[in-house]
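Remember, it's 1-based here, ligands and their atoms both numbered in the order they're listed. Reckoned from all heavy atoms, side chains included, excluding hydrogens, waters and symmetry mates.
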Amino acid sequence: MPAIGASSKRSRAGIAVVNSLANLAAFAASDSRQAPFIGREEELSRLHRAWDGACGGRCELIWIAGEPGIGKTRMVEQFVGSLSDVVCARGHCVEHYGTGEPYLPVLEALAALCRFDSSVSGLLRAVAPSWLLQLPWLSSAEERDVRGGEAPRVGVDQMLLEMGEFLDRYTQARPLLLVTEDLHWSDRLTIQLIDYITRRRGSTRLMWLASFRPADVIVLDHPLNRVRHELRLNGMCKEVLLDAFSEIEVANYVGEHLPSLASDEGFIRALHERTDGLPLFVASLMSEVVARAARNADEPPQLADVAVQTKCNRHHRTLHC
Ligand SMILES: Nc1ncnc2c1ncn2[C@@H]1O[C@H](COP(=O)(O)OP(=O)(O)O)[C@@H](O)[C@H]1O
Ligand SMILES: [Mg+2]
């Protein structure tokens with residue numbers, strides 16, 4: 001399963017991007033290193049239906065929405081890991097102060113795609129040269145010299161057109177899964193690009209999975225909010241909204257990590273109550289409980305012994321158990 005991801009760091013207002021990750025092996029392997037995946041069967045089957053649609057010649061935009069720690073990234077990884085023979089390019093947004101870099105998650109994904117498939121830079125050169133020039137290490141000295149070493153000033157419409165053409169042509173040979181995470185931090189142009197690609201009448205075999213935190217986009221009045229509502233009204237996107245774990249899912253989680261406690265209803269209820277079923281908190285508390293159980297093999301672990309402080313961005317909750 002070829003899957004690609006990237007994380008990056010920018011060094012100037014133009015586009016110096018240092019890619020630090022995610023080669024195929026690392027990303028593909030991440031799934032097997034993870035703890036067992038719990039629940040989300042319906043959500044996963046919706047993603048699979050969308051992927052089938054993309055393979056069949058549709059452009060599918062799927063929002064994955066949920067609060068921090070609810071499992072958006074885990075869901076994406078589970079989904080990608082369940083596909084065989086998929087080309088997946090990933091990028092993510094980072095929290096910033098002031099205006100974010102234009103197209104950061106898309107450039108990150110594109111850079112990863114170029115590393116994975118050496119034909120991509122040639123295709124970019126042919127049909128999307130403005131995008132290629134945003135990835136300076138992929139353009140020749142000659143190409144850069146023509147521009148005086150500076151990132152070109154290209155109109156936004158041109159960038160949109162070129163990306164549409166690139167995606168049409170690239171996906172003629174195979175469908176593409178494009179993942180952009182944490183779009184509540186994205187720049188405006190990335191949202192405009194998603195809107196454009198989703199609305200155009202191309203033949204792109206693309207599934208675009210985009211995650212975000214709904215509360216943040218509402219509070220910040222992020223452009224994503226308007227675009228998402230308009231696309232939804234037009235039936236041009238789907239949304240997978242992730243809920244907290246139910247008590248049964250918490251019990252399943254416990255069963256996977258400490259089977260001796262899986263049938264302890266009091267423990268399960270207390271864990272569910274104290275974490276609100278938020279997977280991040282469930283995982284955090286359970287790893288503490290498992291560690292204690294390993295230290296005191298003779299005594300069954302008590303949730304009451306564990307106090308975990310969890311800080312999750314805007315949400316700041318202390319779990320005194
Ligand atoms: N369905 C799940 N099954 C098992 N663990 C999960 C699941 N969803 C989330 N987790 C765990 O919860 C934690 C937070 O999940 P993450 O995907 O990082 O949340 P988000 O991306 O929404 O902030 C991680 O440790 C992750 O492994
Ligand atoms: Mg995440």
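For the pair Gly69 and ligand 1, a heavy-atom separation below 4.0 Å is found.
Classification of Arg49 and Glu42 as a salt-bridged pair holds, one side-chain N sitting under 4.0 Å from a carboxylate O. A salt bridge links Glu239 with Arg228; the closest basic N to acidic carboxylate O contact falls under 4.0 Å. Ion pairing between a basic and an acidic side chain is recognised when a charged N comes within 4.0 Å of a carboxylate O; Arg269 and Asp264 show no such pairing. Salt bridge status for Lys72 with Glu181: absent, with no side-chain N to carboxylate O gap under 4.0 Å.
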Practice item. List the steps and the verdict of ring-ring contact (aromatic ring centres under 6.0 Å, His included) for Trp131 and Tyr103. Key: CA-CA 10 Å; Trp131 287 89; Tyr103 303 119; 4.7 Å; yes
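The nearest N, O or S atom of Ser211 is not closer to the Mg ion (ligand 2) than 2.8 Å.
Neither the backbone nor the side chain of Phe281 has a heavy atom within less than 4.0 Å of ligand 1.
Where the criterion is an N or O separation shorter than 3.5 Å, residue side chain and backbone included, Phe37 fails it with respect to ligand 1. Taking distance alone, with nitrogen or oxygen atoms compared against 3.5 Å, Arg40 stays at or beyond that limit from ligand 1.
Using modelled atom types, one side-chain atom of His257 and one backbone atom of Tyr253 make a donor-acceptor pair closer than 3.5 Å. Of the possible donor and acceptor atoms, one in the side chain of Asp187 sits under 3.5 Å from a partner among the backbone N and O of Leu189.
Around atom 7 (C) of ligand 1, the closest heavy atom drawn from Met286, Glu256, Glu249, Arg74 belongs to Arg74. Here atom 4 (C) of ligand 1 lies nearest to Pro36 when heavy atoms of Pro279, Pro36, Ala35 are compared.
Atoms of ligand 1 found under 4.0 Å from any heavy atom of Thr73 (numbered from 1 in listed order, with element): 17 (O), 21 (O). Near Glu67, meaning under 4.0 Å from one of its heavy atoms, ligand 1 places the atoms 22 (O). The contact set between ligand 1 and Phe245, taken as ligand atoms under 4.0 Å from a residue heavy atom, comprises 1 (N), 2 (C), 3 (N), 7 (C). The contact set between ligand 1 and Tyr253, taken as ligand atoms under 4.0 Å from a residue heavy atom, comprises 4 (C), 5 (N). Close contacts between ligand 1 and Ile38 involve ligand atoms 1 (N), 2 (C), 3 (N), 4 (C) [criterion: under 4.0 Å to a heavy atom].
A donor atom on one side chain and an acceptor atom on the other are not found under 3.5 Å apart for Arg226 and His229.
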